[in-house]
Trainee: 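My questions will all concern the structure given below.
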Amino acid sequence: MADRIPVYDAEAIETKWQGVWDREETFKAREDSTRPKKYVLEMFPYPSGDLHMGHARNYTIGDAMARQARMRGFEVLHPMGFDAFGLPAENAAIKNKTQAGKWTYANMDQAVATMKRMGFSYDYDRLVRTCDPDYYKWGQWAFLKMWEKGLAYRATSPVNWCPSCNTVLANEQVVDGKCWRCGSVPEKRELSQWYLRITDYAQELLDDLDQLDGWPENVKAQQRNWIGRSEGAEIDFALADADGKATDRLITVFTTRPDTLYGTTFFLLPPESKLAAELVEGTEYEQAYQELKKSVEQVSSVERQGSGREKHGVFTGRYVINPLTGKLLPIWVADYILLDYGTGAVMGVPCGDQRDFEFARTYGLDIPPIIAQKDDPLYEQLKDQQEMVVTSVDWDQAMAAEGYLIQSGPFTGMKGGKHSEAVDAIIAYLGERGIGRKTVQFRLRDWLISRQRYWGNPIPMIHCDCCGDVPVPYEDLPVTLPEDLDLGAGETLAEYAPFFETTCPKCGKPAKRITDTMDTFTCSSWYFLRYCDPHNAELPFSKESVDRWMPVDNYIGGIEHAILHLLYSRFWTKVMRDLGMIDLDEPFTNLLCQGMVKDAKGETMSKSKGNVVPPSSVIGPYGADTMRLAILFIAPSEKDFNWDEEVVAGANRFIKRAWRTVWGLAQTASADAALKVGSLDAAGKELYRRMHELGLRCTYDFDRYQFNTAISAVMELVNDANAYLNNVPAQKRDAALCFCVARCIVAMLSPIIPHWGEELYHEALGLTGSAYDEPWPTFDEEAAKASTVQIAVQLMGKVRGRIDVPADATKDELEAAAKEALADVLEGKTVRKVVVVPGRLVNIVAN
RNA sequence: GCCCGAGUGGCGGAAUUGGCAGACGCGGAGGUCUCAAAAACCUUUGUCGAAAGACGUGUGGGUUCGAGUCCCACCUCGGGCACCA
């Protein structure tokens with residue numbers, strides 16, 4: 001072994017090992033391995049340029065997991081790819097007068113170079129780019145399968161249209177009332193669009209969240225919120241004719257509060273309602289209705305939403321009949337009613353609902369009390385009152401939601417509220433008469449996937465004037481995206497005849513291709529399945545390969561995908577399961593959402609703010625390993641952190657110190673000598689013990705992905721090893737111990753600073769092969785135990801002293817030792833109780 | 001309004017799940033080496049106090065021999081959903 005310690009030259013070492021890993025295909029996932037599998041996956045990037053700090057953090061976390069898993073004996077699948085379709089490429093192409101593909105491929109090449117420079121252990125043979133025809137072909141294939149199952153369909157309805165992106169958006173992509181990508185306020189437009197029927201899976205998507213023990217609570221909560229399940233009832237109201245007599249025509253409402261049916265004094269429809277338009281047509285009420293409808297269209301969705309907004313409505317001149325009381329209820333059109341939730345019709349209960357209350361106040365409608373709490377004077381007055389005698393009250397706000405029914409016919413006196421006995425009783429009563437039924441509503445809407453943009457996966461459908469919408473035959477897939485549009489001149493797919501002109505596969509007559517492309521989130525909903533079998537030319541993936549690798553054991557990515565990508569991927573997985581493609585309910589077993597990297601002041605990094613710290617600015621002066629260590633050490637992975645140059649410098653200092661320590665140990669190390677613990681001197685025994693203690697801690701922290709404390713455990717071991725080197729003269733050091741400790745330090749840091757680890761593994765320890773063929777060291781609880789421990793001696797729970805005791809002392813011995821230590825304090829007091837926690841403390845209760 | 005989180009030194013953060021609060025690192029102070037500086041190494045560093053000691057995990061209560069950890073009430077901050085009937 002070398003006598004002199006070489007200088008730590010990060011760049012030389014990193015270049016060297018990156019070359020070796022590449023050449024030797026060290027990180028290729030092997031299909032024929034007999035090891036158990038582990039699938040570690042980071043959310044693939046959108047190639048909008050080079051990687052930024054957020055990517056560096058995301059991939060460093062995943063890489064540490066992947067490398068450690070391999071050392072723990074797993075065959076690891078750790079792939080990478082690019083979510084390559086999308087608007088920024090198209091916008092850049094328009095601006096630079098180039099092709100979207102050209103721009104995208106150049107960015108991907110750059111990003112791959114940076115990934116390699118960071119030393120990420122990807123199996124690059126499995127690189128997937130969603131804009132490659134042999135990938136997006138299978139997205140089209142999946143669309144056709146969904147079409148066949150009725151899960152893909154076309155519908156005309158008001159949709160969110162982003163005027164800046166010139167395309168429609170999914171509900172999930174309207175964030176805070178604005179386009180998720182550009183921040184413009186979308187307009188409502190009535191358009192014919194393509195949807196995936198995700199609502200068919202609403203209940204399952206909700207229920208299966210309970211299986212996802214490895215997901216953060218807040219992500220599951222967000223998904224539950226988004227799916228938005230409400231239990232309630234549908235109730236049929238008969239439309240009245242001009243004389244107030246019931247007609248055959250029924251209008252159904254959805255309500256979560258059927259118990260408040262007796263308090264219904266009006267009936268509500270949304271402005272977009274076709275029924276409302278029909279009811280007022282040709283009447284004196286039509287003009288006011290049209291004005292309201294127009295004013296709603298002019299108001300943006302941001303303004304229209306929000307409970308603070310004043311409510312507007314118009315009367316339609318028509319009535320429905322309350323099925324319980326037989327009373328006539330005026331039908332109003334109101335701007336706070338949503339077309340696409342529930343049945344699109346609402347019963348107005350001003351006493352029980354704050355919104356209905358405000359509406360009733362504005363338009364002078366009755367507010368009859370039908371629910372009261374027991375301490376309410378109204379309750380005393382009306383608790384046995386079945387008929388309506390108090391028809392309106394003069395309150396400031398709606399009644400409490402819970403209470404007892406009053407003036408509610410036979411249900412008077414029952415407990416009311418959500419999921420109350422009154423709810424059940426009224427549903428049962430309505431059910432017997434066939435005018436109401438229990439039902440469940442979801443807030444989740446079907447997934448609108450058409451985009452009127454070029455750079456995406458074409459929807460594989462043809463519209464024929466004779467045959468309607470006809471799927472492209474499977475053998476004609478993929479529908480290839482043309483590469484020679486003049487984007488700079490504003491050309492779109494819809495105007496590009498070579499693309500849309502075709503013939504109908506059914507009747508052979510001239511027909512037009514659908515020129516919408518699919519939402520890019522369709523591409524990212526199944527890429528993790530493609531990684532299992534990336535070169536399959538017959539199918540999107542084989543069942544065997546998915547059975548081999550799925551589910552993803554560790555999925556790492558940003559919290560911003562809590563709803564969008566993570567919900568869509570769960571849906572897609574369930575669809576693939578129902579198509580018989582896979583046997584899997586959920587794609588991602590464990591999910592880690594890493595925090596954001598902000599600048600030193602805590603601001604988010606952005607090009608417009610000019611505060612971006614590019615990864616290259618750290619890799620350049622310090623090297624990739626320092627970058628990786630700093631990122632993992634600065635904070636727990638889920639937390640945001642502020643970029644701090646001092647932490648980087650500190651990380652680099654530790655790497656250099658650990659480098660010298662390992663080399664220092666290596667100078668007296670021997671790989672051949674057997675370690676005889678019994679014959680070690682005191683310093684050696686203690687170092688050996690600490691190695692086990694800290695190794696256990698480090699392993700435990702790796703197992704729970706808490707890298708900051710895993711690193712601190714190794715730091716302690718390095719400190720201890722240094723103390724050993726400083727205090728024990730070279731000729732007295734134990735060669736086997738030195739080797740063992742050095743090897744443990746190298747092994748435990750290798751997942752985090754891999755080039756450093758590989759270099760020392762070979763050059764300092766003189767080992768061959770790869771550090772990643774080295775199994776993770778095993779540590780022993782017994783060996784970690786100290787012969788004597790210091791425990792606290794407490795009086796009434798307060799620490800009064802500390803004593804050194806043998807680790808194996810009995811409870812009685814500990815009690816005796818503690819009493820002795822506190823003898824002078826205890827004098828004159830009576831000991832009531834003694835609590836002994838071996839290895840920790842003795843607490844004496846005395847007075 | 002509803003639903004999730006989180007509040008610990010000057011800072012990032014630990015605390016093996018009810019058992020010695022502040023591990024590890026940053027920063028600070030002092031020192032060694034040097035003509036000097038950098039680097040490196042050593043000592044020290046929760047607050048108050050000269051010391052003994054006292055006080056300390058957002059606030060106020062509670063349970064317990066013992067609470068950062070559990071329970072109740074509240075405050076503050078962050079995030080998500082939101083005119084969803």
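Below, read A as the first sequence line, B as the second, and so on, with proteins coming before strands; counting in each chain starts at 1.
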Trainee: Going by an N to O cut-off under 4.0 Å, is there a salt bridge joining A:Glu686 and A:Arg689?
Mentor: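 Yes, charged N to carboxylate O under 4.0 Å.
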Trainee: What is the separation between atom CD1 on A:Ile331 and atom P on B:rA85, rounded to the nearest whole Å?
Mentor: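 Rounded to the whole Å, the gap is 22 Å.
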Trainee: Looking only at side-chain N and O atoms, does A:Arg257 come under 4.0 Å of OP1 or OP2 in B:rC84?
Mentor: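 It does not, given that no N or O in the side chain of A:Arg257 lies less than 4.0 Å from OP1 or OP2 of B:rC84.
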Trainee: Touch check for A:Val346, heavy atoms < 4.0 angstrom, all strands: base, sugar-phosphate only, or nothing?
Mentor: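 Base contact.
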Trainee: Distance between the C1' atoms of B:rA15 and B:rG9, in whole angstroms?
Mentor: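 After rounding to an integer number of Å, I get 15 Å for this pair.
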Trainee: Between B:rU45 and B:rG78, how many Å separate the two C1' atoms, rounded to a whole number?
Mentor: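 B:rU45 and B:rG78 have their C1' atoms separated by 31 Å.
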Trainee: Would the base of B:rC65 count as contacting A:Asn843 through its side chain, where contact means a donor and an acceptor less than 3.5 Å apart?
Mentor: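 Donor-acceptor pair under 3.5 Å: yes.
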Trainee: So, are A:Arg445 and A:Asp340 salt-bridged, with charged N and O less than 4.0 Å apart?
Mentor: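 Yes.
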Trainee: Atom CD of A:Gln794 to atom C1' of B:rC65: distance rounded to whole Å?
Mentor: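 The answer, rounded to whole Å, is 9 Å.
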Trainee: What's the closest nucleotide to the A:Leu841 side chain, out of B:rC20, B:rG25, B:rG5?
Mentor: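 Taking heavy atoms from C-beta onward, the closest nucleotide is B:rC20.
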Trainee: Which whole number of Å gives the distance between the C1' atom of B:rC65 and that of B:rG12?
Mentor: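 Between the two C1' atoms, the distance is 36 Å.
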Trainee: Considering only atom P, compute the distance from B:rU8 to B:rC33 and round it to an integer number of Å.
Mentor: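 Here B:rU8 and B:rC33 have their P atoms 42 Å from each other.
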Trainee: Between A:Lys311 and A:Tyr336, is NZ or CZ placed under 6.0 angstrom from the six-membered ring centre and within 45° of the ring axis?
Mentor: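 Geometry flag: set, cation within 6.0 Å and 45°.
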Trainee: If you check every side-chain atom of A:Val837, which of B:rC20, B:rG19, B:rC3 has the closest atom?
Mentor: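 Closest nucleotide to the A:Val837 side chain: B:rG19.
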Trainee: Would you classify B:rU17 as syn or anti? Syn applies when the glycosidic angle is within 90° of 0.
Mentor: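 Because its glycosidic torsion lies within 90° of 0, B:rU17 adopts the syn conformation.
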Trainee: Report yes if a side-chain nitrogen or oxygen of A:Asn719 is closer than 4.0 Å to either non-bridging phosphate oxygen (OP1 or OP2) of B:rA23; otherwise report no.
Mentor: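 So the side chain of A:Asn719 is outside the cut-off, no N or O lying under 4.0 Å from OP1 or OP2 of B:rA23.
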Trainee: Reading nucleotides 11-16 of chain B from the 5' end, what letters show protein touch, with B for base, S for backbone sugar-phosphate only, - for no heavy atom under 4.0 Å?
Mentor: -BSSSB
Trainee: If you measure from the P atom in B:rU57 to the same atom in B:rA67, how many Å do you get, rounded?
Mentor: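 Result for the P pair: 11 Å, nearest Å.
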Trainee: Side chain of A:Val845: nearest nucleotide among B:rC55, B:rC41, B:rC65?
Mentor: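 Within the option list, the nearest is B:rC65.
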Trainee: So which nucleotide does B:rU17 pair with, by the Watson-Crick or G-U wobble rule with both distances under 3.5 Å?
Mentor: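 Answer to the pairing question: none, since B:rU17 forms no Watson-Crick or G-U pair.
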Trainee: Could you tell me whether A:Asp640 and A:Arg57 have a side-chain N and a carboxylate O separated by less than 4.0 Å?
Mentor: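 Looking at A:Asp640 and A:Arg57, the cut-off is not met.
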Trainee: Name the closest nucleotide to the A:Arg660 side chain, picking from B:rC41, B:rA82, B:rA85.
Mentor: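 For A:Arg660, the side-chain atoms sit closest to B:rC41.
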Trainee: Any non-hydrogen side-chain atom of A:Arg257 less than 4.5 Å from a side-chain atom of A:Val349?
Mentor: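 SC-SC contact between A:Arg257 and A:Val349 ruled out.
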Trainee: For B:rC55, take OP1 and OP2 only and decide whether either is under 4.0 Å from a side-chain N or O of A:Lys798.
Mentor: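 Affirmative; the distance criterion is met.
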Trainee: Can you check the A:Leu338 CG to B:rC84 P distance for me, whole Å?
Mentor: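 Atom-to-atom, A:Leu338 to B:rC84, this comes out as 8 Å.
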Trainee: Quick one: salt bridge (charged side-chain N to carboxylate O under 4.0 Å, His left out) pairs with a partner in residues 643-659 of chain A, sequence neighbours left out?
Mentor: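 As it turns out, there is no salt bridge (charged side-chain N to carboxylate O under 4.0 Å, His left out) pair with a partner in residues 643-659 of chain A once direct neighbours are skipped.
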Trainee: Going by a 90° cut-off around 0, is B:rG9 syn or anti?
Mentor: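 B:rG9: syn glycosidic orientation.
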Trainee: Between atom CZ in A:Phe442 and atom P in B:rC84, what is the gap in whole Å?
Mentor: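 Result: 18 Å.
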Trainee: Expressed as a whole number of Å, how far does the C1' atom of B:rG18 sit from that of B:rA29?
Mentor: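 Roughly 38 Å separates the two C1' atoms.
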Trainee: Does the distance from a Lys or Arg side-chain N to an Asp or Glu carboxylate O, for A:Lys819 and A:Glu815, drop under 4.0 Å?
Mentor: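 A:Glu815 and A:Lys819: salt-bridged.
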Trainee: Could you please name the option among B:rC84, B:rG27, B:rC41 that lies closest to any side-chain atom of A:Arg653?
Mentor: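 Minimum distance to the A:Arg653 side chain belongs to B:rG27.
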Trainee: Name the closest nucleotide to the A:Ser230 side chain, picking from B:rG19, B:rA85, B:rC3.
Mentor: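 The closest nucleotide is B:rA85.
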Trainee: Identify the nucleotide, in any strand shown, that forms a Watson-Crick or G-U wobble pair with B:rC70, with both distances under 3.5 Å; if there is none, say none.
Mentor: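 Here B:rC70 is engaged in a pair, and the nucleotide opposite it is B:rG62.
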Trainee: Would you call A:Lys601 and A:Asp599 a salt bridge, taking side-chain N to carboxylate O under 4.0 Å as the test?
Mentor: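 A:Asp599 and A:Lys601: not salt-bridged.
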Trainee: Is there a Watson-Crick or G-U wobble partner for B:rC83 with both distances under 3.5 Å, and if so, which one is it?
Mentor: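 No nucleotide pairs with B:rC83.
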Trainee: When the P atoms of B:rA73 and B:rG27 are considered, how many whole Å apart are they?
Mentor: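 Comparing P positions in B:rA73 and B:rG27 gives a spacing of 44 Å.
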Trainee: Can you tell me the distance, in whole Å, between the CE atom of A:Met796 and the P atom of B:rC20?
Mentor: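 Atom CE in A:Met796 sits about 18 Å away from atom P in B:rC20.
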Trainee: Report which part of the nucleic acid A:Arg224 touches: base, sugar-phosphate, or nothing (heavy-atom distance under 4.0 Å, all strands).
Mentor: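 The answer is nothing, as A:Arg224 stays clear of every strand by at least 4.0 Å.
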Trainee: What integer number of Å spans the P atoms of B:rC11 and B:rG28?
Mentor: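 Their P atoms lie roughly 15 Å apart.
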Trainee: Salt bridge check: are A:Glu716 and A:Arg697 linked by an N-O gap of less than 4.0 Å?
Mentor: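 Counted as a salt bridge, because a side-chain N and a carboxylate O are separated by less than 4.0 Å.
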Trainee: Which nucleotide wins on minimum distance to the side chain of A:Glu716, given the candidates B:rC20, B:rC83, B:rA23?
Mentor: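 Selected nucleotide (nearest to the side chain): B:rA23.
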Trainee: Over how many whole Å does the gap from A:Lys220 atom NZ to B:rC81 atom P extend?
Mentor: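 About 19 Å, once rounded to whole Å.
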Trainee: For A:Phe654 and B:rG25, what is the distance between atoms CZ and C1' respectively, to the nearest whole Å?
Mentor: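 It is 10 Å, rounded to the nearest whole Å.
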Trainee: Strictly by Watson-Crick or wobble contacts shorter than 3.5 Å, is anything paired with B:rA40, and which nucleotide is it?
Mentor: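 Checking every strand shown, B:rA40 finds its partner in B:rU32, with both distances under 3.5 Å.
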Trainee: Nearest-Å distance, CG (A:Asn726) to P (B:rU32)?
Mentor: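 Interatomic distance, CG of A:Asn726 to P of B:rU32: 18 Å.
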Trainee: Nearest 0.5 Å, what's the CH2-CG distance between A:Trp215 and A:Leu212?
Mentor: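 Going from the CH2 atom of A:Trp215 to the CG atom of A:Leu212 covers 5.5 Å.
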Trainee: Using Watson-Crick or G-U wobble geometry with both distances below 3.5 Å, tell me the partner of B:rG7, or none.
Mentor: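 For B:rG7, the partner nucleotide comes out as B:rC75, under the 3.5 Å rule.
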Trainee: From C-beta outward on A:Tyr341, which listed nucleotide comes closest to its side chain: B:rC41, B:rA85, B:rG79?
Mentor: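 Nucleotide nearest to A:Tyr341's side chain: B:rA85.
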Trainee: According to the Watson-Crick and G-U wobble definitions, with both distances under 3.5 Å, which nucleotide is paired to B:rA54?
Mentor: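 With both distances under 3.5 Å, B:rA54 matches B:rU47.
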